[in-house]
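The block underneath contains the structure these notes are about, expressed in structure tokens.
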Amino acid sequence: MSNTLECTNSCGLKWAFEKADEIGVARDARTAKQATVYEQGTGAGKANVIYRAQIHLTLGYSVVDLNLKTLLDIYADAMGSTSVKAIFFQNRATGAGDNVRIGPQGCANPLSAPWGSVAAGYNLLGPGGILDINNPIDGYAVTATAKTIRVQHSGITYPIDVDFAVLGVR
Amino acid sequence: MATSLTAKVKGEVNFSYGKTDTLAEVAETLLVSNVQSYTFGLGSSKADVIYRRRYTVTGNTDITVYGTLTDIFGDTVNTEVLRGIFLHNRSSTAGDNIYVGPLSCSNPLLFPWVDANGKNLVGPGGTLLLDNPLDGYAIEDNADTFRIQYQGTSGSIDVDLLFLGNSGDFVSSSSTSSSSSKSVSSSSSSVSSESSSSSRSASTSSSSTIQVSMSSSSSRSSMSSQSSSSTSSSTVVASGSSSSSTSSETT
């Protein structure tokens, strides 16, 4: 029994920015993006496990803790992560103020490295928003005492669905 | 001087994940993606400010998004609502990290990180994308700065920074006051203390034209196409690579 994984994490911006005066128009049209193609394995630029799901958060600061050791992938195998290479979250809410918090937030055994090792740290992700953190060379180490990311409803109006994917090394 | 700006912010994880046992190989191919389109203007899913620059970070580099930076055309960037932030740590040396966040700087922009000491660690070759298209992160005169902090091993790190936002003057567009106070936020950040929402529907800029339509597409394409085959081959040969581009386009 073996697993295979090919994955590309990419993010960035594409824009066209113009200004005009009496004489002419200047245009700055560019794309700035970073695409990391991960190959199967355990070193830099490599990964071998991915977990993806949609979380449903109810009103009232409901919480879901993601244990990157014990979450079951789509084949029902435990992630057993030793390192996380990329984290992608998408807040699917459309109502203003329907935020989610993503980070250790003081949970037990927090994976705090992506948040600068601040155990209470988190990012506030607004409705329709994206959080994408990619660390292809070093990754973020996952251990028995640093393995959990907390996702918390921080909105005001509706339950919130959050899509996420975590790419790691088993 | 008329201005126009359109932009797309994209985050994406595209993968094929397979498992093979003695009988068969099963694979899931999936694209988890969000593409947010911004049109020109103020308000949700609109932007009229973009700033981009490559910094060489050796210590603390403070980014004040209101009143100090200049855009590609040399105009001062007066960001009142921040919609998207993209950072790329261009180092390829293990251990060459940067922190991004308020990091106890003066006039810290708290909202994406909430706490004054909050931060994200972006490793070598790594990226951070934060997009908040509907509400944005409100900027005020005492909350307009975030910090990029060197945490590396090689002495300096090149960091590409881009941010997208709405301009403003911190003063309601209906105000006729000539007060220079910038303390009045136009945000509608009602309700929750954590609400970063800020939406201005009226332009405060006397120069800019523009009224625009908003388009937003969020695609989460294809939830899983699973395939099964009877082959037992399990080797995936792919070259791990990382490509970074900042390319100009002519359209």
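The figures that follow rest on heavy atoms only: side chains count, while hydrogens, waters and symmetry mates do not. Each chain gets a letter, A, B and so on, in the order its sequence line appears, and its residues count up from 1.
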NZ/NE/NH1/NH2 to OD/OE distance under 4.0 Å, B/R52 and B/D71: no
Portion of A/V49 that has a non-hydrogen atom of chain B nearer than 4.5 angstrom: both
Pairs touching residues 94-114 of chain A that satisfy ring-ring contact (aromatic ring centres under 6.0 Å, His included), sequence neighbours left out: none
Heavy-atom pairs under 4.5 Å with chain A, option from B/G95, B/P124, B/A7, B/G123 with the top count: B/P124
Engaged part of B/L164 at the chain A interface, taking heavy atoms whose separation is under 4.5 Å: side chain
Side chain, backbone, both or neither of B/I50 within contact of chain A (heavy atoms, under 4.5 Å): both
Heavy-atom proximity to chain B below 4.5 Å, by part of A/A26: both
Close approach to chain B in residues 137-147 of chain A, criterion heavy atom under 4.5 Å: A/I137, A/D138, A/Y140
Heavy-atom pair count under 4.5 Å with chain B, highest-scoring of A/V118, A/L131, A/N123, A/N135: A/N123
Residue selection (most heavy-atom pairs with chain A, distance under 4.5 Å) from B/T127, B/L128, B/V100, B/D96: B/T127
Interatomic spacing from CG in B/D48 to OG1 in B/T6 - rounded to 0.5 Å: 12.5 Å
B/Y99 six-ring centre to B/K119 NZ/CZ under 6.0 Å and within 45° of normal: yes
Residue selection (most heavy-atom pairs with chain A, distance under 4.5 Å) from B/L103, B/L87, B/N120, B/L162: B/N120
Salt-bridge contact B/R54-B/D158 (side-chain N to carboxylate O under 4.0 Å): no
Those residues that, when tested against A/D161, pass side-chain contact (heavy atoms from CB on, under 4.5 Å) (two or more places apart): A/Q54, A/H56, A/R92
Residues B/K19 and A/D77 bridged, charged N to O under 4.0 Å: yes
Part of B/D115 within contact of chain A (heavy atom distance under 4.5 Å): neither
Contacting moiety of A/P114, where chain B heavy atoms sit under 4.5 Å: backbone
Chain B interface, residue from A/A165, A/G121, A/A47, A/G128 that has the most non-hydrogen pairs under 4.5 Å: A/G128
Non-hydrogen side-chain atoms of B/V77 and B/T70 separated by less than 4.5 Å: no
Donor on one side chain, acceptor on other, B/Q36 and B/S45, under 3.5 Å: yes
Proximity breakdown for A/A93 and chain B, heavy-atom pairs closer than 4.5 Å: backbone
Top contributor to chain B interface from A/T94, A/N9, A/N134, A/I130 [non-hydrogen pairs under 4.5 Å]: A/I130
Any donor-acceptor N/O pair, B/K10 side chain to A/L13 backbone, under 3.5 Å: no
Pair A/N48-A/Q40, side-chain hydrogen bond (donor to acceptor under 3.5 Å, both in side chains): steps then yes or no: CA-CA 5 Å; A/N48 60 13; A/Q40 168 81 12; 6.0 Å; no
Test side-chain contact (heavy atoms from CB on, under 4.5 Å) applied to A/T157 - qualifying residues, sequence neighbours left out: A/D98
Option in A/I87, A/D73, A/L167, A/N91 with maximal non-hydrogen atom pairs under 4.5 Å from chain B: A/D73
Residue pair A/Y38, B/F15: steps toward the ring pair (Phe, Tyr, Trp, His ring centres under 6.0 Å) verdict: CA-CA 9 Å; A/Y38 286 91; B/F15 67 89; over 10 Å; no
Interchain contact, B/N97 with chain A, by part (heavy-atom threshold 4.5 Å): side chain
